[in-house]
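First up is the structure itself, then whatever we jot down about it.
Because the structure is predicted, anything quoted here is derived from the model rather than measured. Chain letters run A, B, ... following the sequence lines, proteins first, then strands; residues in each count from 1.
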Amino acid sequence: MDGVTDPEEASGLPKRFDWERVEAEALLRWSQSPPAAPSGGEPFSMVVPPPNITGRLHMGHALNLTIQDVAARYQRQKGCDVLWIPGVDHAGIAAQNVVEKQLRTEGVDFKSLGREAFVERVWRWKESIGSGILEQIRRLGASLSWDHERFTMDPGFSRAVREVFVRLYEDGALYRAERMIHWCPRCLTALSDVEVTHLDRDGELFTVRYVDAERPEESLSVATTRPETVVADLALAVHPDDARFKGWVGRRVRVPMTDRTIPVVADAAVDPEFGTGVLKITPSHSMVDFEIGQRHALGNLSVIDEQGVMNAMAGPLSGLPRDKARIRAAEVLESAEALVGREPHKNAIGVCYRCQTEVEPRLSLQWFVRMGPLAVRAREAVSSGKIRFFPEGWQKTYYEWIDNIRDWCVSRQIWWGHRIPAWTCQDCHHLAVLREDPSVCPSCGGTNLVRDPDVLDTWFSSALWPFATMGWPDDTPDLRRFYPTSLLVTGFDILFFWVARMIMMGLYLTEQVPFRDVYIHALVRDEFGQKMTKSRGNVVDPLELMERFGTDAFRLSLALLATPGRDIRLSVERVEAARNFVSKLWSAFRYISLVVPPGTVPLADPAACQGIANRWILFELGRLEADYAKAMESYRYDEGALLVYRFTWSLFCDWYLEATKVDFERDPADPLREETARTLLTVGSVLLDLAHPLMPFVTEELSRLFGFANRCTGHAPQKAPLAGRIPSEWGESFERIRAIIGSVRQTRSVMKIPPTQEIPAVLVLSSRDAGDPEALWPFLARLGRLSRSGEPSLGGIRAPFRDGYLVLGLEGLVDFSREVDRLEKEIEKTAGKIAEISGRLGREDFVRKAPPEVVEKDRAQVVTLEEDRKGLEVALQQVRTFLGGQP
RNA sequence: AGGCGGAUAGCUCAGUCGGUAGAGCGCAGCUCUUACACAGCUGUUGUCGCGGGUUCGAUCCCCGCUCCGCCUACCA
């Protein structure tokens with residue numbers, strides 16, 4: 001082996017990007033030395049939408065976190081002091097369900113355990129899964145401020161929750177009352193309005209006859225979808241203006257299946273158009289009926305218990321579950337000849353958003369937050385622009401909800417969560433809501449206190465997330481420096497659940513908006529546009545994709561697809577394409593590592609470059625920097641990603657790297673060699689910076705391997721970006737080369753000349769400022785596989801371009817008829833364009849009314865198109881001559 | 001029922017402050033040219049959903065319609 005080394009192995013980067021190793025190393029490094037806060041940097045802060053403790057990383061999280069991490073890294077690169085708080089939500093009902101189920105498999109009913117032991121058990125379970133989902137989030141490369149991790153049930157946070165509850169109560173913004181609420185008969189708890197989702201279901205519309213109590217020969221027919229509630233009817237109602245039923249108001253009818261009679265009342269809530277125009281009123285089992293019942297003092301009669309089973313008051317239906325009771329009710333009504341109609345009917349029913357069980361409207365004693373006053377301020381925060389939504393359109397949805405706000409039921413009949421700090425004195429019935437647990441009744445001094453058994457809605461604590469994570473209600477340095485937060489990134493599905501409530505609570509408790517900007521992203525769907533659900537079985541595991549294609553590729557694919565306001569259809573092909581890009585990037589830097597001599601340093605002054613290609617790529621890079629900044633500042637990370645993608649692949653790799661090969665073939669004494677090597681490093685370093693927020697692993701690895709003092713490696717932002725320092729004409733010469741090469745390649749491809757075959761050629765430049773042919777030739781020779789013909793009048797066909805043409809010596813080599821076709825097509829296309837534009841220019845009103853610069857642009861366009869056509873026509877003529885000359 | 005969003009190349013989607021429509025994937029042909037075959041080169045495809053209107057000019061703005069998706073809402 002001595003002295004014999006494979007040059008390929010000896011120098012340069014490994015051929016492939018080994019992301020598995022690089023990611024593992026980087027994650028270790030990042031956990032050991034988190035990014036240091038730059039001194040004097042502006043604060044930039046975010047709080048992560050806390051994932052449920054029960055959760056595993058899914059596509060939604062991956063998208064959400066990728067976007068935030070792009071933001072965090074971008075801001076950090078700008079020199080900001082970034083705080084991005086991680087954390088987990090205790091997920092009341094969901095977590096309780098998990099542990100209940102666990103106990104059930106052990107044959108234990110959680111109720112028999114008792115409250116204290118059960119809650120203890122949930123804590124133990126929480127410890128056992130550790131920070132499971134946060135570990136997965138780390139693997140995404142998410143650069144969170146891990147020393148700030150919070151949990152919604154930790155002591156500090158719990159104190160904040162309690163403080164808020166008491167403060168709201170003291171201010172009269174929180175009250176306890178008996179109201180109609182949504183009840184989930186499976187979770188056995190109240191739900192807030194937003195926790196109920198509506199599903200269209202095929203049901204039946206039954207028409208039931210109620211006979212007059214005095215005159216059995218007269219009756220009213222009533223349409224209902226829930227005949228099982230007939231036994232709870234307390235009235236029938238008709239519209240006050242409905243002439244059909246004028247005489248009925250005030251009379252009484254018999255309730256079928258019972259021996260009760262009920263009044264017929266008039267109420268404007270009845271829609272005379274629907275059904276028979278008569279509505280049966282069941283105050284205890286319907287929201288609107290409850291209200292009508294209130295207006296007419298009908299009282300309440302409940303026939304369904306908390307588990308959804310018909311109770312003792314339900315007469316012949318007693319003991320049956322709701323759905324069975326409906327069938328039985330129809331039978332009983334039919335046999336009593338009270339059922340006069342039955343037809344299929346579609347209606348929307350409310351289900352529990354967690355378990356899909358049909359919810360039951362239920363009258364019960366619950367705690368409510370008075371939303372009206374909070375909503376007024378929350379609306380103003382958005383309409384005044386203090387909070388901005390991206391995309392802006394979500395404002396409307398927000399207002400829609402805010403303007404129709406209803407009080408928020410915040411008590412839940414479960415055990416896992418923040419227990420409500422309210423005590424009732426059994427002696428004097430005083431209700432005490434307190435910051436500290438009482439030992440005696442504050443009112444009568446008695447010791448007979450009973451604590452409210454309920455816990456708070458999980459979203460109640462989530463609403464405090466932006467400031468409670470920073471130590472509120474204490475006045476902390478974090479709050480002073482980082483609150484309000486700069487940006488919130490979240491999905492539209494929790495706009496009401498979370499975003500709106502944070503705004504309300506933030507304004508109420510801190511007198512400030514909780515965040516300035518809200519980036520609202522869409523849902524990640526499968527490649528067919530279907531929502532990913534367990535039941536569909538189309539769930540794609542992000543960790544799997546990360547392992548298969550690398551985390552950078554996965555992140556990049558999400559970023560590229562994340563067009564604001566549009567759902568994302570993720571397919572493996574897209575991730576694969578991003579993986580190919582990462583590969584391409586890696587191999588480009590491998591090339592740099594092979595051609596740039598050791599000890600080379602980046603350009604000291606890019607504006608002093610001489611090389612045609614160097615000037616061009618610096619010009620393009622300057623443009624990229626400017627466009628990229630614009631995209632990133634407006635949260636168009638998809639656009640930023642696309643800009644980086646296109647620059648890297650289509651300009652840097654396809655053209656610039658090829659062009660540098662020309663420079664490296666030059667005489668060893670030529671100063672261009674060094675300039676080009678230095679330009680490669682300069683552009684490479686900046687490019688990695690721009691790509692870094694999107695692809696942190698590969699860019700940091702490359703920056704380290706090259707020893708770049710760029711922002712990926714934690715160095716200070718560059719003082720003067722390229723944008724603005726590169727003259728705008730720096731691109732021109734190389735653009736001409738690109739045009740010429742393009743023309744040659746077309747000809748070559750059409751005429752079936754192998755790419756490797758050299759073609760003798762003569763270059764003719766028509767305009768004086770077209771540049772120095774001597775400078776052009778080395779690039780043409782290499783990139784176009786041309787050899788410079790010494791014969792000035794070389795016979796051959798023409799490859800035309802804007803300000804000149806190339807004569808290609810192709811005699812005897814090729815099928816010229818193809819070239820004729822191609823040129824004719826080109827000419828036709830060009831002529832078509834000329835016709836269109838000059839036609840426009842010929843119209844008098846266009847010239848008069850259109851802006852002068854548009855007219856001018858068109859005129860110039862016609863001139864250049866004419867030049868193109870002339871070039872093409874001459875070329876065509878030339879080929880025809882050859883064809884004629886051939887046998 | 002009301003509100004919102006979408007309809008652009010075979011597929012997935014950009015885009016145009018109104019002035020000759022783009023990318024990726026796919027497809028076809030040619031290339032193992034010493035960074036990359038996870039690659040290179042060349043080519044291919046569009047009444048920019050339908051009907052009106054405004055305008056010198058509309059894929060883009062306005063009105064109406066059709067289809068698709070979502071959100072809100074107990075017409076029982």
Report which part of the nucleic acid [X] touches: base, sugar-phosphate, or nothing (heavy-atom distance under 4.0 Å, all strands).
X	result
A/Glu856	nothing
A/Asp858	nothing
A/Ser286	base
A/Trp655	nothing
A/Glu573	nothing
A/Arg782	nothing
A/Arg201	nothing
A/Lys661	base
A/Arg848	nothing
A/Phe589	nothing
A/Arg566	sugar-phosphate

Under 4.0 Å: is that the gap between some side-chain N or O of [X] and OP1 or OP2 of [N]?
X	N	value
A/Arg785	B/U33	no
A/Lys15	B/C36	yes
A/Thr397	B/C71	no
A/His198	B/C74	yes
A/Arg406	B/C74	yes
A/Trp649	B/A39	no
A/Asn580	B/A39	yes

Distance between [atom1] atoms of [N] and [M] (Å, rounded):
N	M	atom1	answer
B/U12	B/G46	C1'	16 Å
B/U59	B/U47	P	13 Å
B/G26	B/U44	C1'	11 Å
B/C70	B/A23	C1'	27 Å
B/G10	B/U45	C1'	8 Å

Tell me whether the side-chain N or O atoms of [X] pair up with the base of [N] as donor and acceptor below 3.5 Å, since no angle test is needed here.
X	N	value
A/Lys584	B/C36	yes
A/Glu273	B/A76	no
A/Arg579	B/C38	yes
A/Ser587	B/A35	yes

Checklist line | Check: A/Phe697 ring centre within less than 6.0 Å of A/Trp19 ring centre | finding: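 Centroid separation for A/Phe697 and A/Trp19: 6.0 Å or greater.
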
Notebook entry, point to check: Are the aromatic rings of A/Trp586 and A/Phe17 close, with centres under 6.0 Å apart?
Noted result: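 Ring centres of A/Phe17 and A/Trp586 closer than 6.0 Å.
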
Next item on the list: Give a yes or no on whether the backbone of A/Pro185 and the side-chain of A/Arg362 come within a donor-acceptor separation of less than 3.5 Å.
Entry: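 Not confirmed, A/Arg362 side chain does not pair with A/Pro185 backbone.
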
Checklist line | Expected output: side-chain A/Thr830 to main-chain A/Arg869 donor-acceptor under 3.5 Å | finding: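 Answer holds: no.
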
Please determine, for [N], whether a Watson-Crick or G-U wobble partner exists with both distances under 3.5 Å, and give it or none.
N	result
B/U34	none
B/C41	B/G29
B/C74	none
B/G18	none
B/C61	B/G53
B/C4	B/G69
B/U47	none

Margin query: Could you walk me through whether A/Glu658 and A/Arg738 satisfy the salt bridge (Lys or Arg N to Asp or Glu O under 4.0 Å) test, starting with their C-alpha distance in whole Å, then the side-chain angles of each, then the deciding distance to 0.1 Å, before giving a yes or no?
Written below: CA-CA 11 Å; A/Glu658 293 306 320; A/Arg738 296 217 297 158; over 6 Å; no

Checklist line | Closest-nucleotide 5' rank along RNA chain B - winner of A/Trp586 and A/Ile741 | finding: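 This one resolves to A/Trp586.
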
Margin query: Quick check: on RNA chain B, is the nucleotide nearest A/Gly393 upstream (toward 5') of the one nearest A/Glu658, or the reverse? Name the residue that is more 5'.
Written below: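 Counting from the 5' end, the first nearest nucleotide belongs to A/Gly393.
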
Notebook entry, point to check: Charged N to carboxylate O below 4.0 Å: is that the case for A/Glu358 and A/Arg201?
Noted result: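 Yes.
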
Note to self: From C-beta outward on A/Arg745, which listed nucleotide comes closest to its side chain: B/C41, B/C70, B/G19?
What the structure shows: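 Side chain of A/Arg745 sits closest to B/C41.
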
Notebook entry, point to check: Among B/U33, B/C56, B/C13, which nucleotide sits nearest the side chain of A/Ala850?
Noted result: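 Looking only at heavy atoms from C-beta outward on A/Ala850, the closest nucleotide is B/C56.
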
Check: What is the minimum heavy-atom distance between A/Leu191 and A/Cys184, and which atoms define it?
Finding: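 Shortest heavy-atom separation between A/Leu191 and A/Cys184 comes out as CD1-CB, 3.9 Å.
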
Next item on the list: First locate atom CZ of A/Arg569, then atom CG of A/Leu561, and finally report the distance between them rounded to the nearest 0.5 Å.
Entry: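 Between atom CZ of A/Arg569 and atom CG of A/Leu561 there are 11.5 Å.
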
